[in-house]
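Read the structure below first, then the notes.
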Amino acid sequence: MKYLLLSIPLLFVGCQTEKLHFIEGEAQGSTYHIKYISSSNENLQPAIDSILQVIDQSMSTYKPDSDISKVNNGDTTVVVDEHFRKVFEASKQIWQESEGLFDPTVGVLVNAWGFGKQKIADKDLPTDEKITELKKYVGFNKVQLTDNNHIKKEYPEILFDFNAIAQGYTSDVVAAFLNSKGIENYIVEIAGEMFLKGKNTLENKEWTIGVENPIKPLDERELITTIQFKNQGLATSGNYRKVWMDSNGRKYVHSINPITGRATQSDVLSATVVAPSTMYADGYATMFMVMGMEKSKAFLAKHPNLAVLLVYSNDKNQELTFKTQPFEKLEKKQ
């Protein structure tokens with residue numbers, strides 16, 4: 001889940017040639033919002049909607065005729081596009097860096113725990129034996145993308161699920177489109193994942209992003225902090241609001257551990273990452289949710305340039321925050 005607020009003041013001055021444009025719509029099972037400053041009145045929404053449709057056709061597991069759905073259903077003739085290839089290659093890199101804790105071949109487990117298309121009842125929860133069986137079909141080392149853009153799977157049962165990285169990638173693609181139009185100052189936000197470039201030149205201010213507290217209910221939203229950055233992507237992942245509970249009160253979260261095969265909450269409640277691309281910010285944010293605090297801190301010690309905010313709970317069930325130095329430098333000074 002994504003917990004972000006955009007704070008972007010509007011300014012209308014008749015004598016100025018540049019003005020703030022706003023585009024919004026639905027995409028990838030959620031919504032998108034784009035704000036940009038330009039003197040052009042060209043309607044960019046049709047082109048942006050077309051981009052979103054192309055990416056959905058490539059990687060949406062909710063479209064039965066998408067490339068990823070065909071691959072998941074065993075069609076070996078599918079030639080995947082460049083969008084699929086880029087996300088596949090980035091996923092492989094993060095899978096290696098995370099030692100298997102980030103793994104988009106986790107689809108069979110996503111479905112088994114009721115976070116796919118079909119919801120499940122208590123009686124359908126996977127047993128230990130079933131989890132062991134399903135883990136056989138999980139592992140990025142069991143899939144291959146060939147030079148001619150075909151997917152090879154060690155087992156036909158393996159299911160891809162790029163939902164933990166594709167929305168971030170889509171933000172990058174839309175940002176690249178705005179760049180191609182000569183637009184220098186914008187915010188692209190797709191399902192909460194965003195890419196920022198430039199600043200609010202109408203008021204000569206930096207773009208300001210508020211990071212929400214994931215523990216608070218939607219009707220009691222509060223900000224943890226506000227940050228300012230440019231020419232980078234931001235993604236937040238959290239489990240607190242995207243859970244389901246069985247009749248005994250046990251919670252199951254959508255950040256599934258591909259090693260254990262279980263949908264149990266780690267001590268990390270949310271992860272916010274700022275990185276050169278939203279795709280990598282998205283992937284890393286999901287990775288930290290599965291890693292937990294101890295492994296996350298060890299990973300960040302080896303990657304000191306990552307700007308990361310983690311909200312976690314300690315053994316006393318207290319809510320705490322952990323910020324890397326690069327993240328602290330982004331925080332807006334009051």
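Positions are given from 1, in the same order as the sequence printed here.
Here the side chains of L159 and N111 are in contact, with some heavy-atom distance below 4.5 Å. In this structure, L196 and N231 have side chains that are not in contact, with every pair of non-hydrogen atoms separated by 4.5 Å or more. Contact annotation: the side chain of V108 never approaches that of I158 to less than 4.5 Å [non-hydrogen atoms, C-beta and beyond]. Looking at heavy atoms from C-beta onward, M194 lies out of side-chain contact with S171 at the 4.5 angstrom threshold. Taking the side chain as every heavy atom from C-beta outward, F322 and V268 never approach each other to under 4.5 Å. Here the side chains of Y284 and F299 are in contact, with some heavy-atom distance below 4.5 Å. Annotation: side chain of I190 is not in contact with side chain of F195 (no heavy-atom distance under 4.5 Å). The shortest distance between side-chain heavy atoms of S38 and H21 falls below 4.5 Å.
When all heavy atoms are compared, the tightest approach of T208 to Q228 is OG1-NE2, 3.0 Å. The shortest heavy-atom contact between S66 and D56 is CB-O, 3.7 Å. Listed here is the closest heavy atom pair of A281 and G233: CB-O, 4.0 Å. In this structure, W207 and G198 approach most closely via the heavy-atom pair CD1-O, 3.6 Å. Nearest approach of I131 to T260, heavy atoms of both residues: CG2-O, 3.5 Å. What you find for A235 and A285 is that their closest heavy atoms are O-CB, 4.1 Å.
The salt bridge (charged side-chain N to carboxylate O under 4.0 Å, His left out) test applied to E133 returns K130, not counting sequence neighbours. Residues forming a side chain to side chain contact (heavy atoms under 4.5 Å, CB included) with P258 (at least two apart in sequence, or on another chain): D103, V106, V138, V290. With sequence neighbours left out, the side-chain hydrogen bond (donor to acceptor under 3.5 Å, both in side chains) criterion links T146 to N148. Residues meeting the side-chain hydrogen bond (donor to acceptor under 3.5 Å, both in side chains) test with K199, sequence neighbours left out: N204. Applying the salt bridge (charged side-chain N to carboxylate O under 4.0 Å, His left out) test to E129 and every residue at least two apart in sequence or in another chain returns nothing. Considering only residues two or more places apart in sequence or on other chains, N149 meets the side-chain hydrogen bond (donor to acceptor under 3.5 Å, both in side chains) condition with R85. Contacts of T77 classified as side chain to side chain contact (heavy atoms under 4.5 Å, CB included), with partners at least two apart in sequence or in another chain: D75. By the side-chain hydrogen bond (donor to acceptor under 3.5 Å, both in side chains) test, E26 pairs with no residue at all, sequence neighbours left out.
The ring pair (Phe, Tyr, Trp, His ring centres under 6.0 Å) pairs that include a residue from residues 141-176 are H83-Y169, F84-F162, Y137-Y155, F160-F162, where partners are two or more places apart or lie in different chains. Every pair passing salt bridge (Lys or Arg N to Asp or Glu O under 4.0 Å) that includes a residue from residues 174-185 is listed here, sequence neighbours excluded: E42-K181, E184-K197. The list of side-chain hydrogen bond (donor to acceptor under 3.5 Å, both in side chains) pairs with a residue in residues 44-53, not counting sequence neighbours, reads Y32-Q45, Y32-D49. Sorted by first and then second residue, the side-chain hydrogen bond (donor to acceptor under 3.5 Å, both in side chains) pairs involving residues 288-315 (not counting sequence neighbours) are N314-Q318.
At least one donor-acceptor pair under 3.5 Å links the side chain of K153 to the backbone N or O of V71. No donor-acceptor pair under 3.5 Å is formed between the side chain of K152 and the backbone N or O of T76. The backbone N or O of D65 sits nowhere less than 3.5 Å from a side-chain atom of S69 that would complete a donor-acceptor pair. D161 places no side-chain N or O within donor-acceptor distance of the main-chain N or O of P104, the cut-off being under 3.5 Å. A donor-acceptor distance shorter than 3.5 angstrom exists from the side chain of D282 to the backbone of G168, with no hydrogens or angles considered. For the pair K35 (side chain) and V188 (backbone), a donor-acceptor distance under 3.5 Å is absent.
Atom OG of residue S91 and atom CG of residue L145 lie 11.0 Å apart, to the nearest 0.5 angstrom. Rounding to the nearest 0.5 Å places OG of S58 at 7.5 Å from CD1 of I68. In this structure, CD on Q96 lies 10.0 Å from CG on N141, to the nearest 0.5 angstrom. Interatomic distance, L309 CG to E328 CD, rounded to the nearest 0.5 Å: 10.0 Å.
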(request) Begin with the C-alpha distance, continue with both residues' side-chain angles, and end with the deciding distance and a verdict on side-chain contact (heavy atoms from CB on, under 4.5 Å) for T201 and E18. (result) CA-CA 9 Å; T201 54; E18 288 194 328; 3.8 Å; yes
(request) Verify side-chain contact (heavy atoms from CB on, under 4.5 Å) between L306 and F327, making sure each step is shown before the conclusion. (result) CA-CA 8 Å; L306 271 180; F327 188 91; over 6 Å; no
(request) Just do the side-chain contact (heavy atoms from CB on, under 4.5 Å) check on L178 and L44 with the steps written out, would you? (result) CA-CA 9 Å; L178 295 181; L44 300 181; 3.9 Å; yes
(message) Does T278 form a side chain to side chain donor-acceptor pair (under 3.5 Å) with D172? I'd like the steps, not just the answer.
(response) CA-CA 6 Å; T278 320; D172 292 337; 2.8 Å; yes
(request) Evaluate the criterion side chain to side chain donor-acceptor pair (under 3.5 Å) for residue pair T225 and E331; output intermediate values, then yes/no. (result) CA-CA 7 Å; T225 187; E331 291 188 284; 2.6 Å; yes
(request) Please report the C-alpha distance between T226 and I209 in whole Å, then the side-chain angles of each, then the deciding distance to 0.1 Å, and finally whether the side-chain contact (heavy atoms from CB on, under 4.5 Å) criterion is met. (result) CA-CA 6 Å; T226 55; I209 303 300; over 6 Å; no
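For CD of E99, the number of neighbouring non-hydrogen atoms (other residues, nucleotides, ligands) closer than 6.0 Å is 12 at most.
Aromatic rings of F177 and Y186 (six-membered ring for Trp) have centroids beyond the 6.0 Å cut-off, not under it.
E97 and Q93 share a side-chain donor-acceptor pair at under 3.5 Å. A side-chain N or O of T272 and one of T236 form a donor-acceptor pair less than 3.5 Å apart. Between the side chains of K230 and N185, no donor-acceptor pair of N or O atoms lies under 3.5 Å.
If you chain together hydrophobic residues whose side chains sit under 4.5 Å apart, V173 and V54 never meet in one group. When hydrophobic clusters are built by joining Ile, Leu, Val, Met, Phe, Trp and Tyr residues whose side-chain heavy atoms come closer than 4.5 Å, directly or via intermediates, V79 is not grouped with M59.
Aromatic ring pairs are classed by plane angle as parallel below 30°, tilted from 30° to 60° and perpendicular above 60°; the pair F140 and W95 is tilted.
Using a 4.0 Å cut-off between a side-chain N of Lys or Arg and a carboxylate O of Asp or Glu, K86 and D81 do not qualify as a salt bridge.
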